[in-house]
Amino acid sequence: MDEPMIMVVSSVGEAHVRANAEGLRVLAQRILELAGAGVRDGRHLHLDAGVDLEDGSSGLVLERDDSFRP
């Protein structure tokens, strides 16, 4: 199993997320955690450069917001 590698680069109006297969699995798992039953509105996860993301990445916040409705 490869080490997860995730890089986030942001610019005006756009965020670019680059990841290897294991990094994509990690992101998917975190998103599924936020989508889970019993998770409260407003729950969020911070992914930080040098910790969860590659050095030089922009930080990334994943947040559950149940006010979004179709």
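- Within a 6.0 Å sphere centred on CE of Met7, heavy atoms belonging to other residues, nucleotides or ligands number more than 12.
- Between Pro4 and Val26, the shortest heavy-atom contact is CB-CG2, 3.8 Å.
- No path of Ile, Leu, Val, Met, Phe, Trp and Tyr side chains, each step under 4.5 Å between heavy atoms, connects Val39 with Leu45, placing them in separate hydrophobic clusters.
- Of all heavy-atom pairs between Ser58 and Ser10, the closest is OG-OG, 3.0 Å.
- Between the Asp48 side chain and the Leu53 main chain, no donor and acceptor come within less than 3.5 Å of each other.
- To the nearest 0.5 Å, atoms NE2 (His44) and NE2 (His46) are separated by 3.5 Å.
- Look at Glu33 and Arg30 and you find no salt bridge, because none of the NZ, NE, NH1 or NH2 atoms lies under 4.0 Å from a carboxylate O.
- Side-chain atoms of Leu62 and Ile31, non-hydrogen and from C-beta on, do get closer than 4.5 Å to each other.
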Go through the steps to decide whether Ile6 and Asp52 satisfy the test side-chain contact (heavy atoms from CB on, under 4.5 Å), and finish with yes or no.
-> CA-CA 8 Å; Ile6 307 165; Asp52 311 287; over 6 Å; no
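- Annotation: the span from Arg43 atom CZ to Leu34 atom CG amounts to 6.5 Å, rounded to 0.5 Å.
- Taking the side chain as every heavy atom from C-beta outward, Val8 and Leu47 never approach each other to under 4.5 Å.
- In this structure a side-chain-to-backbone donor-acceptor pair under 3.5 Å is present from Arg64 to Gly36.
- A side-chain donor-acceptor contact under 3.5 Å links Asp41 to the backbone of Asp66.
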